[in-house]
Amino acid sequence: MTDMARTFSITTAIDYTNGAPHIGHAYEKVLTDAIARHRRLRGQPVFFLTGVDQHGQKVQQSAQKLGLEPKAFVDGITAQFLALWSKLGISHDAWAATTEPVHIRCVQGMLQRLWDSGHFYKDKRGGHYSVRQEQFLTEKERGPDGEFGPEWGEVVYIEEENYYFKLAEHRDWLLGLIDSRSKSAHPLVIPEFRAAELRNAVEKLSGDLCISRPKSRLTWGIEMPFDPGFVTYVWFDALSNYISFAGYDPSPGADLSTFQSLWPAVHVIGKDILVPPHGIYWLAMLRALGFADNEMPTLLVHGWWNIAGAKMSKSLGNIVDPAALAEKYGPAALRWYLLADIATGRDADFSIERLEQRYNAELANNIGNLLNRTLNMTRRYRGGTLKKCGSPLAGFVSEKAKAWDAAMESYQPHAAIEAAMEIAVRCNAHVEETAPWKLAKDEAQAAQLDGVLYTLSESLRILSILLEPFIPEQAAAMRAQLNWTAEPSTAATEWGLLPDGHQLSEPVPLFPRIELQP
RNA sequence: GCCAGGGUAGCUCAGCGGUAGAGCAGGGGACUCAUAAGCCCUUGGUCGGGAGUUCGAUUCUCCCCCCUGGCACCA
């Protein structure tokens with residue numbers, strides 16, 4: 001059973017500020033937003049954290065190419081992300097930008113603490129280095145002929161000193177953690193098959209993790225507190241955002257009560273960053289800091305949107321721009337599509353046609369039109385005033401509201417949307433079955449007509465709550481037209497809250513149809 | 001090479017031992033409160049291929065093929 005008084009903490013991966021946001025970034029945030037909004041409807045306190053990863057070599061290089069300071073460069077990209085989240089109605093409670101002083105202090109404190117407690121060591125290792133690209137090359141970068149390709153320019157073998165995190169010594173503990181939490185009430189990894197994938201990778205784990213770069217190569221990062229000649233590289237910087245922005249203080253003996261009320265979190269991440277960063281590095285880092293097994297987060301791993309069956313990539317030139325889609329179709333159409341057309345954890349194919357179809361069929365034709373016809377009939381036949389009566393649909397609607405709640409609790413928005421849609425479909429059928437326009441012509445059937453109008457209005461009121469996590473703005477607009485001003489909540493999905501004599505407002509088409517290109 | 005997910009109607013998917021289902025799209029019809037929406041009816045599939053277990057397989061087992069991901073290896 002969920003502890004409703006306890007804060008529900010949920011985070012997304014933070015996005016790298018080396019390029020504009022694409023549809024995958026948007027999906028992750030919309031998914032997390034829907035989950036967060038559902039918990040708020042339940043009355044549970046929520047801490048929803050998202051943000052941007054602003055440091056690192058690629059940013060440094062991109063800025064250099066444009067003749068900009070790294071900070072100016074990342075500020076520009078960060079603004080694009082923030083503008084998109086605002087447009088899409090992402091309701092995060094906190095914003096993690098890794099150039100923030102609070103983050104830098106926390107990361108340095110963590111590094112110092114782990115250095116002091118012997119989790120790091122300094123070592124000199126050699127490798128093939130591309131002078132042009134300013135990076136070490138891995139074996140993967142070799143071509144079929146065993147040589148590094150011309151795109152790398154001159155490649156030299158050099159040795160470099162760096163700091164390493166003793167990762168390998170956490171291997172057995174991690175295997176045990178995966179095993180003990182798999183199939184438990186609080187799984188470490190969702191969906192379950194991803195846990196198997198993680199376990200597989202952990203079993204083969206060998207070697208430690210390089211966590212630094214000498215300043216001769218990289219200056220755009222957080223300085224190692226015990227060696228000003230180095231900055232920390234990627235992992236301790238980016239992954240730490242989940243706790244640094246939740247108030248974690250790594251100082252020995254610090255008061256962690258606030259942090260502990262916000263931890264552990266559910267991390268919503270893409271399948272590409274489960275192994276190794278979140279599933280291995282992050283968990284080992286937390287353990288090294290002294291986090292207990294029951295303080296390890298849950299990793300909710302979502303799939304990818306492919307484009308016509310192909311992976312989305314810059315080289316294929318098939319990047320889908322969420323800002324342009326939100327501009328053209330509206331945030332609601334985009335959010336609805338992203339939540340309805342993919343099962344959490346799986347991949348799906350992105351299709352504008354399906355976005356248009358789902359919007360027209362479900363939002364415009366089914367829900368929007370139901371609202372419109374209900375308000376119109378009530379106004380025409382009863383001056384907009386409802387008479388409270390019993391309803392043959394009360395049980396059905398309650399059942400669907402329960403299914404919606406269960407689906408959201410298990411992070412399945414597409415299933416929750418389906419449950420909500422069934423209410424609209426059932427109501428539309430109810431209109432046809434009862435034919436209010438015929439009842440209205442017969443004084444003897446007045447009670448039946450009142451019953452139908454109340455059933456439809458009350459169903460719509462409940463439906464507006466069920467839609468809140470997905471399309472909050474339109475859900476609120478529905479309530480406004482129903483003249484129902486109470487705060488939406490799961491508790492208010494109870495049947496029969498519209499009082500006798502309730503006056504509905506004016507009907508205004510809520511979801512104008514998208515005119516499809518012939 | 002190893003592990004995992006997927007391959008079911010034009011599209012998106014559900015089913016997972018008893019002679020194939022939903023939504024959308026397509027076709028037909030009745031209605032009129034409504035955003036030319038909604039409702040009813042309907043066309044449509046040798047359930048990736050092959051073998052096996054079974055009275056019976058989309059559903060279980062084995063082999064193979066294709067797509068996706070992870071890990072490893074070669075170079």
Side-chain angles (χ1 to χ4, degrees), chain A residues 138-149 189 191-207 270-280 301-312 337 340-382 384 412 414-415 417-418 421-422 424-441 449 452-453 456-457 460 481 507-516:
Chain A
T138 66
E139 294 305 302
K140 282 179 184 168
E141 259 106 32
R142 286 185 196 264
D145 57 354
E147 297 300 316
F148 294 107
V189 183
E192 197 181 303
F193 75 84
R194 293 280 174 205
E197 205 166 285
L198 174 60
R199 196 182 197 292
N200 185 9
V202 174
E203 274 184 341
K204 292 172 180 171
L205 179 66
S206 63
K271 63 181 185 176
D272 53 321
I273 53 173
L274 171 64
V275 179
H278 288 78
I280 300 179
V301 185
H302 67 251
W304 280 3
W305 287 94
N306 297 317
I307 312 298
K311 211 184 289 184
M312 184 167 59
Y337 173 71
D341 222 34
I342 190 168
T344 308
R346 296 235 218 152
D347 290 353
D349 222 47
F350 186 86
S351 149
I352 293 284
E353 290 72 29
R354 284 190 61 79
L355 183 154
E356 291 174 340
Q357 278 177 7
R358 286 204 94 119
Y359 176 89
N360 274 350
E362 295 175 335
L363 294 179
N365 297 352
N366 226 304
I367 295 173
N369 185 53
L370 174 65
L371 175 69
N372 203 245
R373 70 198 303 207
T374 298
L375 297 196
N376 262 299
M377 288 190 287
T378 308
R379 191 171 56 155
R380 179 182 294 213
Y381 306 139
R382 288 292 183 266
Q412 301 290 327
H414 74 287
I417 281 176
E418 200 176 308
M421 280 309 304
E422 285 184 65
V425 168
R426 186 70 195 83
C427 284
N428 273 316
H430 190 62
V431 176
E432 307 300 329
E433 289 160 7
T434 57
W437 49 92
K438 286 182 188 163
L439 299 177
K441 288 174 185 160
L449 178 56
V452 172
L453 297 175
L456 297 176
S457 301
L460 280 162
Q481 292 193 31
V508 182
L510 188 56
F511 303 102
R513 283 173 55 82
I514 298 168
E515 292 313 319
L516 301 178

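Nothing here was measured: the structure is a model prediction, and the numbers come from that model.
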From CZ of R373(A) over to P of rU32(B), roughly how many Å is that when rounded to an integer? 13 Å
May I ask you to say whether R373(A) pairs ionically with E432(A), meaning some side-chain N is under 4.0 Å from a carboxylate O? yes
Nearest-Å distance once atom P is located in both rG48(B) and rA20(B): 15 Å
If you measure from the C1' atom in rU12(B) to the same atom in rU53(B), how many Å do you get, rounded? 34 Å
Testing rC33(B), rC24(B), rG70(B) for proximity to the side chain of M377(A), the answer is rC33(B)
When the C1' atoms of rG6(B) and rA14(B) are considered, how many whole Å apart are they? 14 Å
So, is R346(A) close to the rA14(B) phosphate, meaning a side-chain N or O under 4.0 Å from OP1 or OP2? yes
Looking only at atom C1', what distance separates rU43(B) and rG10(B), rounded to whole Å? 12 Å
What is the nucleic acid contact for K271(A), judged by heavy atoms within less than 4.0 Å: base, sugar-phosphate only, or nothing? sugar-phosphate
Answer yes when E203(A) and R199(A) have at least one side-chain N-carboxylate O distance shorter than 4.0 Å, and no when they do not. yes
Classify the nucleic acid contact of F511(A) as base, sugar-phosphate or nothing, counting any heavy atom under 4.0 Å across all strands shown. base
Is it true that E356(A) and R513(A) have a side-chain N and a carboxylate O under 4.0 angstrom from each other? no
Under 4.0 Å between any heavy atoms, over every strand shown, what does L510(A) touch: base, sugar-phosphate, or nothing? Just pick one. base
Does the salt bridge (Lys or Arg N to Asp or Glu O under 4.0 Å) test come out yes or no for E353(A) and R358(A), once each step is laid out? CA-CA 9 Å; E353(A) 290 72 29; R358(A) 286 204 94 119; over 6 Å; no
Between R354(A) and D349(A), is there a salt bridge with N-O shorter than 4.0 Å? no
Mind checking A364(A) for me? I need base, sugar-phosphate or nothing, with any heavy atom below 4.0 Å counting as a touch. base
Rounding to a whole Å, what distance do you find between N369(A):CG and rA36(B):P? 8 Å
Can you measure E432(A) atom CD to rA37(B) atom P for me and round it to whole angstrom units? 14 Å
Taking the same atom, C1', in rU42(B) and in rA30(B), what whole-Å distance lies between them? 14 Å
Side chain to side chain contact (heavy atoms under 4.5 Å, CB included) evaluation trace for H414(A) with I342(A): CA-CA 7 Å; H414(A) 74 287; I342(A) 190 168; over 6 Å; no
Counting the atoms with a prime plus P, OP1 and OP2 as sugar-phosphate, which does R199(A) contact under 4.0 Å by heavy atoms, base, sugar-phosphate, or nothing? nothing
Which base sits across from rG21(B) as a Watson-Crick or G-U pair, both distances under 3.5 Å? rC13(B)
Regarding R354(A), tell me which of base, sugar-phosphate or nothing describes its non-hydrogen contacts under 4.0 Å with the strands shown. base
Tell me what R194(A) touches on the nucleic acid: a base, only sugar-phosphate, or nothing, going by heavy atoms under 4.0 Å. sugar-phosphate
Look at all strands and tell whether N372(A) reaches a base, only sugar-phosphate, or nothing, counting heavy atoms closer than 4.0 Å. base
Considering only the P atoms, how many Å lie between rC24(B) and rG18(B), rounded to the nearest integer? 27 Å
Can you check the distance between rG26(B) and rG69(B), where both ends of the measurement are the C1' atom (answer in whole Å)? 36 Å
Which nucleotide in the set rC24(B), rG5(B), rA72(B) lies at the smallest distance from any side-chain heavy atom of F193(A)? rG5(B)
For the side chain of E197(A), starting at C-beta, report the closest nucleotide among rU35(B), rA72(B), rG69(B). rG69(B)
Describe the nucleic acid contact of N428(A) in one word from base, sugar-phosphate, nothing, applying a heavy-atom distance below 4.0 Å. sugar-phosphate
Calculate the interatomic distance between Q481(A) atom CD and rC33(B) atom C1'; express it in whole Å. 16 Å
